[in-house]
Amino acid sequence: MPVQMPDINLGLMLPEILVALLAMALLLLSAWYGKEGRGTIGWMSILGIGLTALAIMASGGSGETTFGGMFVDDQFSRFMKLLLCVSTALPLLISLNYVREHKMDGGEYYVITLFSMLGGMIMISSGDFVMLYLGLELMSLSIYVLAAFKRGDVKSSEAGLKYFILGSLASGILLYGISLIYGSFGSVSFIDVAQGITSAHGHLSPAVGLGMVMIIGGLSFKIAAAPFHMWAPDVYEGSPTSVTALMGVMPKVAAFAVLYRVLLIAFPGLHDQWGPLLQFMAVLSLAVGSFAAIAQTNIKRMLAYSAVGHIGFLLIGLATGTSDGYQSVLIYLTIYIFMNTGAFALVLILNQDGIGDNLTDFKGLAKKRPYLAMLMATFMFSMGGIPPLAGFIGKLYVFMAAVKAGMITIAIVGVLFSAVSAFYYLRVVKYMYFDEAESPFSMEVSATSQAVVVLSGIIMLVWGVFPGSLLAWTETTIRMFQ
Amino acid sequence: MLSLVTFLPLAGVLAIIIAARNNANTARYIALIVSLATFVLSLRLLFNFDTSTAAFQFMEESTWLPAFGITYRMGVDGISLPFVLLTTFLTPLCILASWESVQKMVKEYMIAFLALESFVIGVFCALDFILFYILWEAMLIPMFLLIGVWGGPNRVYAALKFFLYTLAGSVLMLIAIIVLKNTGGTFSIPDLMNAPLDFNLQVWLFLGFFISFAVKVPMWPFHTWLPDAHVEAPTGGSVILAGILLKMGAYGFLRFSIPMLPDASRYFVPLIFGLSLVGIVYTALVALMQKDLKKLIAYSSVSHMGFVTIGLFSFNQQGLEGGILQMINHGIVAGGLFLLVGVIYDRMHTREIAKFGGVVNVMPVYAVIFMLFTMAAVGLPGTNGFVGEFLILLGAFLANKAVAVVASTGLVLGAAYMLWLYKKVFFGIIHSEEVQALKDMNKRELAIFAPLIILIFWIGFYPGPFLEIMHTSVEQLLTQSHTIKAGTNAVAMY
């Protein structure tokens with residue numbers, strides 16, 4: 001049997017190739033540079049991400065595939081990759097100072113970040129389960145390393161190890177699910193699986209259901225949806241704050257993109273099965289996110305639990321199974337990137353004074369640094385879903401989609417939990433505005449951090465009042481799933 | 001025009017941020033001028049208002065988020081206009097009252113105050129549900145900061161309680177709004193008033209709205225946030241809370257529950273009457289026991305708002321007009337009383353009733369003004385309180401005699417606690433040096449009360465013009481409330 005070479009169109013992978021080359025070049029350069037000029041590596045990687053974003057924008061997004069359908073370039077992948085670039089570049093921008101001060105700027109910090117972004121891009125463009133797994137592992141392994149990057153710090157090492165062990169377990173579950181699916185249909189391609197499900201006319205073997213549940217479980221670990229969230233608080237707390245900021249957004253963008261691909265392209269025929277499953281996880285995530293965060297005194301842990309809660313809202317949107325719901329998730333996710341990064345930027349800024357990890361470190365910030373406090377309050381109110389900030393718009397569309405899809409009970413549960421979660425966001429505002437200052441807050445705010453914080457703050461306001469552009473953009477993105 | 005009135009205060013916020021870098025006085029003057037300008041502009045609304053039609057006037061419409069059916073739509077009718085005016089009228093007074101009493105973070109205080117004014121006016125003008133909801137919730141942020149930053153000793157607790165209580169109430173309204181949109185096909189408030197709705201759905205929606213509005217009014221047993229918030233808030237904040245924010249809940253009943261869900265509203269009349277009566281009597285009794293000036297007035301507010309809800313749900317012209325008028329009255333009187341407490345608090349830094357006594361000897365002018373407001377609160381004929389409460393009781397009597405009888409006991413109790421308060425504070429002999437040293441009101445303070453006093457007597461003797469504004473709109477509301485929207489099935493239930 002002659003070996004058939006699939007038609008390979010490398011042009012579709014231009015952004016990925018760019019990132020890979022950039023990462024390798026920077027690795028060499030950092031060895032070349034030595035100790036001096038390492039900040040340059042950081043800037044070059046950010047610049048490289050910018051170039052990649054341009055390449056993504058220039059790509060067609062026509063739905064073409066290459067490597068025999070393993071790699072897809074469509075409107076959705078374009079949108080998600082841009083989001084991924086933003087969610088990598090913003091945390092990098094705010095952590096330039098932090099990385100230098102904590103002596104983590106040995107070039108490879110940025111290189112590994114770039115590799116994890118590359119993994120995320122491959123995940124987003126995956127057309128079959130093998131590609132998905134490859135991307136996922138590249139991304140995850142890089143982040144495990146980043147989590148343990150502060151070698152001298154026990155907590156950081158612990159976070160890295162914990163993340164690695166639990167992450168490997170999740171990968172194993174994912175792989176097992178994939179093998180069950182392969183066993184049932186004889187193919188790992190999303191499209192083939194979907195066809196197999198349609199042609200079975202409801203007579204599917206239990207292995208398919210089991211495989212699907214395992215795949216969803218494995219991916220849920222990456223987005224830290226309850227009950228797969230256990231790692232998040234410890235890893236968030238232990239990792240260097242700059243890594244936590246990255247971890248809070250970047251892997252979630254990639255994992256959500258993969259969830260879209262798997263659920264909507266491979267398993268659209270099984271919505272009756274995965275819909276309730278996601279609803280269940282959504283409610284559980286909301287409950288964990290709302291109640292567990294109240295008890296936290298460390299802001300990184302609090303934000304970890306709050307992230308679990310936000311994932312709950314995103315899952316509600318996905319569970320609807322309607323294009324409104326899919327769109328609402330993209331809206332929410334985009335907004336979430338900015339508010340989460342904004343909040344972490346504040347933590348990083350305070351970190352320069354050696355404080356900022358505890359909630360009480362924010363005491364009296366409003367009196368000493370009114371503008372920083374105002375921005376932090378904006379992010380907190382936005383996360384709590386208080387209009388006229390963007391976080392409200394995200395929640396509003398999720399609820400609108402849920403009610404339209406007949407999930408009124410879930411929507412009611414959702415709003416009630418969002419009211420509960422408002423409490424711990426308010427507590428941060430309370431510390432900043434109502435309490436007397438305990439620390440001098442003498443830190444300098446670097447121009448890049450300032451730019452990111454102000455940009456995110458403005459976006460919260462602008463998208464809170466005029467989200468029209470975001471709506472239009474996500475709408476065109478989602479059209480291909482109809 | 002409406003947008004200008006609504007967003008002028010926000011422009012003032014910008015002006016303060018830009019102009020008043022660290023200068024407290026600049027911030028004060030900008031806030032005062034902007035709020036006065038807003039008031040003057042809103043008066044223009046009043047003069048151009050056509051009382052012969054119940055339709056929404058000064059309508060403004062522009063597309064906002066067409067993909068989701070959300071439009072920027074503003075307009076006022078005879079029901080919302082009085083509240084807009086009340087807001088623009090009270091805000092400059094509050095700013096004047098905070099002139100000297102607020103000394104820390106003056107700039108931020110004025111920013112919060114103007115933002116609050118803007119959002120509240122917007123709530124009364126919004127004719128799109130999402131716009132309404134955004135403003136309704138946005139208002140929580142400045143109020144939260146006002147209580148928490150500039151409030152009394154227990155301010156943190158009060159601010160959090162206020163915020164979470166009202167937020168928890170409102171989120172269910174959001175779901176109700178979305179469900180309404182899915183059945184009615186639009187977020188437009190005027191259109192939804194005519195959309196037919198199944199009875200069962202109406203009941204659920206009513207409950208969704210009810211919790212949100214009942215917390216805001218507040219109706220017993222959802223009132224527990226109010227005493228804390230009122231007592232801890234700075235004077236200006238208390239005035240806005242009592243004078244305007246409480247009205248938003250009742251306005252919600254008027255604007256949404258009654259016209260959009262008429263069948264459910266009639267179905268729930270016993271519930272509303274029951275809660276209102278308990279509220280009137282219970283909180284009046286609680287007020288009798290208070291040791292703190294502000295707390296007493298706070299509880300009296302709950303009692304007075306009980307009258308309002310009875311009036312609104314009596315479903316007749318007298319009750320409804322009385323209810324609306326009484327809201328305006330309460331805004332003036334309770335607002336005035338809080339301002340008066342602020343005057344003495346600025347001097348003595350205490351609100352404990354027992355610490356006073358014999359104040360009439362050192363502050364005669366103050367005593368006279370306080371007397372006027374006490375009389376208005378009690379509902380003495382000739383003051384505005386009488387007109388409102390009389391109309392409400394008349395309406396209640398037509399709707400249900402027993403309710404009217406029980407409600408009128410609230411009047412007696414009201415007279416009891418107000419007069420008791422007056423006696424303790426003003427009469428008797430002076431037994432402390434602090435009281436001996438009190439100085440009477442200055443010109444700035446007198447200027448605050450003069451317009452309030454004029455209104456008390458104007459509405460008391462000649463309420464005609466005020467009732468005329470709302471007359472046609474109330475008539476239309478009555479027709480709407482008597483239409484059966486749910487179709488024939490539900491009619492059998494009556």
Side-chain angles (χ1 to χ4, degrees), chain A residues 324 327-328 331 366-367 370-371 373-374 377-378 380-381 384-389 392-393 395-406 408-423 425-427 429-435 464-468 470-472 474-475, chain B residues 17 63-70 72 104-105 107-108 111-112 115 119 122 130-141 144-145 147-151 155-183 187 204 208:
Chain A
D324 282 345
Q327 191 188 350
S328 72
I331 295 170
K367 271 162 210 121
Y371 289 103
M374 202 173 78
T378 310
M380 289 297 118
F381 280 124
I386 311 292
L389 300 166
F392 169 72
I393 297 290
K395 288 204 169 92
L396 174 67
Y397 290 135
V398 168
F399 292 139
M400 276 169 73
V403 170
K404 211 171 174 185
I408 295 185
T409 327
I410 300 277
I412 291 176
V413 172
V415 288
L416 289 179
F417 277 126
S418 87
V420 174
S421 67
F423 171 73
Y425 297 123
L426 279 182
R427 205 167 45 175
V429 180
K430 181 210 122 182
Y431 281 131
M432 292 190 302
Y433 278 87
F434 303 170
D435 287 330
V465 184
F466 303 107
L470 183 61
L471 299 191
T474 48
E475 213 231 314
Chain B
I17 291 178
T63 51
W64 186 12
L65 299 171
F68 289 87
I70 300 171
Y72 176 80
K104 78 170 176 183
M105 297 170 85
K107 189 176 124 186
E108 284 80 1
I111 289 175
F119 295 148
I130 294 296
L131 180 65
F132 168 81
Y133 186 81
I134 288 181
L135 293 164
W136 171 278
E137 292 273 274
M139 174 228 92
L140 292 179
I141 301 177
F144 173 69
L145 295 175
I147 300 175
V149 179
W150 295 275
R155 61 209 159 84
V156 176
Y157 170 75
L160 281 172
K161 191 168 177 182
F162 162 77
F163 195 104
L164 293 173
Y165 227 107
T166 30
L167 181 71
S170 334
V171 287
L172 287 175
M173 176 165 74
L174 179 63
I175 298 295
I177 289 173
I178 296 173
V179 173
L180 252 180
K181 139 99 185 181
N182 277 346
T183 23
F187 280 123
W204 284 109

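We name chains A, B, ... by the order of the sequence lines, and we start the count at 1 in each one.
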B:Ile130 versus chain A, the contacting section by heavy-atom distance below 4.5 Å: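 Just the side chain, heavy atoms under 4.5 Å.
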Heavy-atom contact with chain A under 4.5 Å, split by part of B:Lys161: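 B:Lys161 has no heavy atom closer than 4.5 Å to chain A.
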To the nearest 0.5 Å, what is the distance between [atom1] on [X] and [atom2] on [Y]?
X        : Y        : atom1 : atom2 : answer
B:Leu174 : A:Phe399 : CG    : CZ    : 7.0 Å
A:Lys430 : B:Phe163 : NZ    : CZ    : 15.0 Å
A:Phe466 : B:Trp64  : CZ    : CH2   : 7.5 Å

What part of [X] gets within 4.5 angstrom of chain B, counting heavy atoms only: side chain, backbone, both, or neither?
X        : answer
A:Tyr371 : side chain
A:Val429 : side chain
A:Ile412 : both
A:Lys395 : neither

Are [X] and [Y] packed together at the side-chain level, in the sense that at least one heavy-atom pair is separated by less than 4.5 angstrom?
X        : Y        : answer
B:Phe68  : A:Ile393 : no
A:Ile408 : B:Ile178 : no
A:Tyr397 : B:Leu65  : yes

Centroid-centroid distance, B:Tyr133 to A:Phe392, less than 6.0 Å: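 Yes, they do, as the ring centres are separated by less than 6.0 Å.
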Sub-6.0 Å ring centroid separation between A:Phe434 and B:Tyr157: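 Ring centres of B:Tyr157 and A:Phe434 not closer than 6.0 Å.
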Pick from B:Ile70, B:Val156, B:Ile177, B:Leu172 with the largest number of heavy-atom pairs that fall under 4.5 Å of chain A: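 The option with the most such pairs is B:Val156.
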Flag if over 12 foreign heavy atoms under 6.0 Å of NZ, A:Lys404: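 Counting other residues, nucleotides and ligands, NZ of A:Lys404 stays at 12 neighbours or fewer.
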Heavy-atom pairs under 4.5 Å with chain B, option from A:Pro388, A:Gly468, A:Gly414 with the top count: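 Ranked by heavy-atom pairs under 4.5 Å with chain B, first place is A:Pro388.
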Chain B contacts, top residue of A:Leu396, A:Val465, A:Leu426 (heavy-atom pairs, under 4.5 Å):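 Heavy-atom pairs under 4.5 Å are most numerous for A:Leu426.
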